Protein chains: 2
Amino acid sequence: MSEVYANRRSRLRERCTAAGTAAALISRPANVRYLAGAAPQGAVMLLGKSEDLLVCAEPPDDRPTEGRPDEHLRVQVLPRSGGDPAVAAAELAAGQGAEALAVEEHHLTMARYRAVAAVAPGLRLADLGSAVEQLRVIKDEEEISCLRIGAEIADQALGELLESILVGRTERHLALELERRLVDHGADGPAFPTSVATGPNSGHRGHRPTDRRVEEGDFLTVCLGAAYRGYRCEIGRTFVIGTSPADWQIDLYDLVFAAQRAGREALAPGAAFRDVDRAARQVLDSAGYGVGLQPVTGHGVGLEIDEDPQLAPAAMGKLDACVPVTVEPGVHLPGRGGVRIDDTLVVRPEADGGPELLTITTKELLAL
Amino acid sequence: MSEVYANRRSRLRERCTAAGTAAALISRPANVRYLAGAAPQGAVMLLGKSEDLLVCAEPPDDRPTEGRPDEHLRVQVLPRSGGDPAVAAAELAAGQGAEALAVEEHHLTMARYRAVAAVAPGLRLADLGSAVEQLRVIKDEEEISCLRIGAEIADQALGELLESILVGRTERHLALELERRLVDHGADGPAFPTSVATGPNSGHRGHRPTDRRVEEGDFLTVCLGAAYRGYRCEIGRTFVIGTSPADWQIDLYDLVFAAQRAGREALAPGAAFRDVDRAARQVLDSAGYGVGLQPVTGHGVGLEIDEDPQLAPAAMGKLDACVPVTVEPGVHLPGRGGVRIDDTLVVRPEADGGPELLTITTKELLAL
């Protein structure tokens, strides 16, 4: 483990050198954590010409959930009111004799960019672009193991909820209950705001819980995830409340299930993002649900809950082994509700048994 | 109520016109909500030359907690994959014949800034700075009433916690329990991550809950707040666990209490920020706790939990009536713990009875 962060930094340095910039300033928190092992509030990482540094406004938190700074990395804590770590890092870069500094233009605000430029006028600023995000796409087994534990935690929390009485409880209470269970089972916290959607809200992507209560006959869609050691996964299931689902509910469920299975089965090293998306999407499309479908049917997960790749009609690129993605088609019928089914899987070659399903809660239509 | 948002936009327009820019693009979510009544995910507000618009990537959420867009304002929802609302708004501004557009350089990333500049090359970009944040400092009675309700909710949640058994429970569980109670009592959600700190962690500003359990003889510091209709308040209290506090605990509590009272009593229209800070700080300073004190002893609250003004030694400016602020001095002794006491108050003139205390939970040292 001890060389992991240094190796990541070497790979980034190769990219920077190839692009003509010896030094880089990384400010996006997930990128800082990826390269430095931890990302204290506001900290930035300097990939320096002579030395790499983690520059912080306050000392790193010592909670295990926050990660620990790589022991091979010098950590510089600014004095109180020492200002913006990005500006301090740019000064250090100039002090190391760098002539150019790549910054994350998609993360730095214009005001911080100007302050960085002002403190080191001799430094030519370049755009690092999403170089670190690209490095983050393929995960190592350590990272996948964090995702796997996170998925187990989410499965446990969801399983316990299903054993309790649901009718009469509000979406907001169910969501809070799930989040408490995630923490009980060892999560750092929820990976994203837990979504619980009942009746007409069901099947709606990213629905934020309301005070609506679960009623007999409802579809109930739950989407949750655990953060574990910084890594975030996602599971979504739809259930029906009461003993006998209506015919339209069974039909819609079967359709979304077929779409989700098609998406899962399309996951393989070398598969184009858009082909995975199309596999799932065309099942819904051909049943007449093409209009109003969500723009993506899946996405990468890792230190952030929504990272590259995007599984979408216009996405460019192909899957690699060891890329964890969600497959999450859904249909929402305004006024009636709908179905979403969402798994996190790791792309694996056929020879290794094909895609590894991390979220193992059943996808049968359960009547609760 | 119906003219509130239009009036806010007029005041901003006056400032812009005075600064020589007829149009402004507001992207910071709290600022968008302040001017438009709601800030759907990613939405921006265009203060246009001929018409104001709320430009959204998705339709506004209809939950009351998210606010409702001002009915006098045209809402433009971009088509799917319609790109960045900021870019679309800049195009609209150019289409209205604006020659210059002020943007929030402290919020827009460099990449978005470049995209805005590229889409409307004839438009001169200027910096809006913190013009909207400055408008937000003085609250109207509607805003204060939301803060007051939020404070009542936080008081209720805290009061209920105090009636329960605390010894043996972890910081994380107590924090989750408090957040559930906030929602039970009608909060949109917690105003910020609830802080529960026991024993050696107590008194530490912004402590993030760990798995440490409450023990007999501990100080217990709790800091929480409710968000209500978007407005966020804050309360912090320190208790002692067990029947008889140690002498050092009583002495430290009395000292922080005296500092906090001095800060509260210094709140008045016209009082300099730094004088309020000094009133609280010098009590701790003269007792030998000057080194290692937190950089601010209080701050404004509103649509964000930490907004202007900052009550700090180097802060410039004076309080006005109807500015809600926290007063929250604290002392943390490494390895032993400490005390924080935190209230939210609204600055009011002497003739109106002086500062209005929103968070009314007792500040006696309770032994639980």
Side-chain angles (χ1 to χ4, degrees), chain A residues 27-28 41 57-58 61-66 79-82 103-117 125 127 129-130 170-173 175-177 179-184 186-189 193 201 205-212 291-296 312-314, chain B residues 27-28 41 57-58 61-66 79-82 103-117 125 127 129-130 170 172-173 175-177 179-184 186-190 193 201 205-212 291-296 312-314:
Chain A
S27 55
R28 185 171 176 163
Q41 179 80 28
E58 51 187 73
D61 195 306
D62 59 359
R63 299 194 310 163
T65 55
E66 302 307 301
R80 287 220 169 145
S81 51
V103 301
E104 298 193 295
E105 291 194 355
H106 59 301
H107 180 263
L108 268 197
T109 63
M110 185 62 191
R112 295 180 82 191
Y113 186 93
R114 283 198 204 282
V116 164
L125 296 186
D127 186 10
S130 58
T170 69
E171 293 174 355
R172 294 220 283 179
H173 271 103
L176 284 165
E177 166 93 8
E179 295 190 353
R180 188 180 61 75
R181 290 185 187 279
L182 291 173
V183 173
D184 279 348
D188 307 344
N201 301 329
R205 186 170 196 234
H207 171 76
R208 288 188 287 181
T210 70
D211 290 324
R212 189 182 183 284
V291 176
L293 278 191
Q294 62 207 43
V296 302
Chain B
S27 56
R28 185 172 176 161
Q41 180 80 27
E58 51 188 75
D61 194 308
D62 59 358
R63 299 194 309 163
T65 56
E66 302 307 301
R80 286 219 170 146
S81 49
V103 301
E104 298 192 296
E105 291 194 355
H106 60 301
H107 180 263
L108 268 196
T109 64
M110 185 62 191
R112 295 180 82 191
Y113 186 92
R114 283 197 203 283
V116 163
L125 296 186
D127 186 11
S130 58
T170 69
R172 293 220 283 180
H173 272 103
L176 284 165
E177 166 92 10
E179 295 189 354
R180 188 181 61 75
R181 289 186 186 279
L182 290 173
V183 173
D184 278 349
D188 307 344
N201 300 329
R205 185 170 196 234
H207 171 76
R208 288 189 288 181
T210 70
D211 290 324
R212 189 182 183 285
V291 176
L293 278 191
Q294 63 207 44
V296 301

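These figures come from a predicted structure and were not determined experimentally.
Closest approach of Arg172(B) to Ala187(A), counting heavy atoms only: NH1-O, 3.3 Å.
With respect to chain B, the highest number of heavy-atom pairs below 4.5 Å among Arg180(A), His106(A), Gln294(A), Met110(A) belongs to Met110(A). Ranked by heavy-atom pairs under 4.5 Å with chain A, the first of Glu179(B), Arg114(B), Glu177(B) is Arg114(B). With respect to chain B, the highest number of heavy-atom pairs below 4.5 Å among Gly129(A), Ala312(A), Gly189(A), Pro209(A) belongs to Pro209(A). Heavy-atom pairs under 4.5 Å with chain B peak, among Val183(A), Asp211(A), Thr210(A), at Val183(A).
In this structure, chain B has a heavy atom under 4.5 Å from the side chain of Leu176(A), while its backbone stays farther away. Using a 4.5 Å cut-off between heavy atoms, His107(A) touches chain B through its backbone atoms (N, CA, C, O) alone. Looking at Arg208(A), the atoms closer than 4.5 Å to chain B (heavy atoms on both sides) sit in the backbone and in the side chain alike.
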Before you tell me yes or no, could you show the steps for Thr109(B) and Glu104(A) under side chain to side chain contact (heavy atoms under 4.5 Å, CB included), namely the whole-Å CA-CA distance, both residues' side-chain angles and the distance that decides it to 0.1 Å? CA-CA 9 Å; Thr109(B) 64; Glu104(A) 298 193 295; over 6 Å; no
